[in-house]
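What follows is a set of notes on a single structure, which appears directly below.
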Protein chains: 2
Amino acid sequence: MARTVAERTDIIPVLAEIFREHGFEGASLSIIGEKTGLGKGSLYHFFPGGKEEMAAAVLHEIDTWFENNVYRPLREAQNPRAAISGMCGAVIDYFHSGRRICLVGAFALDNVRDRFTDQIKDYFSDWKTALAAALQRAGHDEAKASELAEEAVISIQGGLILSRALGEPTLFERAMKKAEERLLT
Amino acid sequence: MARTVAERTDIIPVLAEIFREHGFEGASLSIIGEKTGLGKGSLYHFFPGGKEEMAAAVLHEIDTWFENNVYRPLREAQNPRAAISGMCGAVIDYFHSGRRICLVGAFALDNVRDRFTDQIKDYFSDWKTALAAALQRAGHDEAKASELAEEAVISIQGGLILSRALGEPTLFERAMKKAEERLLT
DNA sequence: TAAATACTTTACCGATTAGTACAGTATAGA
DNA sequence: TCTATACTGTACTAATCGGTAAAGTATTTA
């Protein structure tokens, strides 16, 4: 039989988009099979734990992406203000200017939240602490840095919801610009 | 047979909590039957359109609640600043200090978003315009009022997500206090 | 080239899904 | 009290769900 996919890692971004579009429960194995081009046999070969393992793998990939492209730059860049600015740009790109939802945020509101509690919690908590660290290095005291970081993450998540709900991608870009202003002044 | 529920309207709040807890797809008819104490026969008697009609009825009830308790007071109260302050209190109560999610926001991220596009859109759009109207009557120009209103609704939705994700109800109260400050200064 | 491993296809399982049909019972109005 | 309507319980459908089993075919390793 023809080999369709060489690497398990190639499937994960496809799974991510499926979960974004249909949610965890709505992402049936038939949809997954259709969009990945893989039969059930192959899917359970790569993910013996079934849908739950697929979603966990997606969340893990999201986590490493943010660690590499958002959290670590915030913690380690020489210029913290440039790193914060860079974060805002990376976020706009990642969420396709508000046309793409945040899977972790969606899971947090979904009934699967209990199955992925820790991964969801870490995502937001890591983001907050990394951003607060950059803000502190930019001159804010600990309390103010934590407050500003929390506000920014809130604005991102809320902006994604409203942007999606109203069908206005520009809303998200506006919210990000506002958030960046508040972080840098 | 014993009559269990007198009014269709009595069931809707129960349905709302079920959808909040399990999502639209996750709210199976067996769960709904169990929590409402109604058999399928009764459920389809009250809601011939099935789950979709149930969810639509819940969204409609939410809309009228916000119209009566949030939007209209914002539009019509003599003292707009007091009305804004009242809105913040009502919102904290309604969402149980962040322990309760916003069903409309959850639907906006879910795969049912396409089935209830208009009701979701109206919810956020009505909220924005009502709050902007109050802000204008409080002295802001149209552009600034619209900007502040959008920011506030964003903070509410984002606050609910983070509060839920991190398991910190105090986060939502903090976000609401911040939002109120920004609206009233 | 031969054997071991990696991947795929197909067929199947029991459980659950939303929804329908309909007979039966309770209630309300005349 | 009789009748019409409102409501409920039970049984049923066809479809789909996530998951399993196992035989078959590639690909890699020795």
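So you know, we letter chains A, B, ... as the sequences are listed, proteins then strands, and number each from 1.
Distances from the side chain of S42(A) to the nucleotides dT8(D), dT8(C), dG18(D) place dT8(C) closest.
The nearest whole Å value for the distance from the CG atom in L43(B) to the C1' atom in dG9(D) is 12 Å. Atom P of nucleotide dT8(D) and atom CD of E7(B) are separated by 12 Å, given to the nearest angstrom. Taking atom NE2 of residue H45(B) and atom C1' of nucleotide dT5(D), one finds them 9 Å apart after rounding to whole Å. Here the C1' atom of nucleotide dT25(C) and the CG atom of L38(B) are 15 Å apart, to the nearest Å. Nucleotide dT17(C) holds its P atom 11 Å from the NE2 atom of H22(B), rounded to whole Å. Look at OH on Y44(A): it is 19 Å from P on dC12(C), rounded to the nearest Å. Between the CD1 atom of I18(A) and the C1' atom of dG18(D) there is a distance of 15 Å, rounded to whole Å. At whole-Å resolution of the value, CZ in F46(A) and P in dT9(C) are 11 Å apart.
Classified by interplanar angle (parallel below 30°, tilted 30° to 60°, perpendicular above 60°), the ring pair F19(A)/F24(A) is parallel.
Of the charged side-chain nitrogens involved, none lies within less than 4.0 Å of a carboxylate oxygen, so that R99(A) and E168(A) do not count as a salt-bridged pair. Salt-bridge check for E147(A) with K178(B): passed, with a basic side-chain N closer than 4.0 Å to an acidic carboxylate O.
Under the side chain to side chain donor-acceptor pair (under 3.5 Å) criterion, the residue pairs touching residues 117-137 of chain B are K128(B)-E150(B), with sequence neighbours excluded.
A cation-pi arrangement, defined by a distance under 6.0 Å to the six-membered ring centre and an angle within 45 degrees of its axis, is absent between R113(B) and F107(B).
Interface remark: the K40(A) side chain does form a donor-acceptor pair with the dG19(D) base, using a distance-only criterion of under 3.5 Å.
The residue G50(A) sits close only to the backbone: its heavy atoms come under 4.0 Å of sugar-phosphate atoms, none of a base.
Residues from residues 23-35 of chain A lying near DNA chain D, meaning a heavy-atom separation below 4.0 Å, are A27(A), S28(A), L29(A), S30(A) in numerical order.
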Determine all donor-acceptor pairs shorter than 3.5 Å in which one atom belongs to a side chain in residues 153-161 of chain A; sequence neighbours excluded.
from, atom 1, to, atom 2, distance (Å)
S155(A), OG, E151(A), O, 3.1

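Donor-acceptor pairing under 3.5 Å is recorded for the side chains of N111(A) and E25(A).
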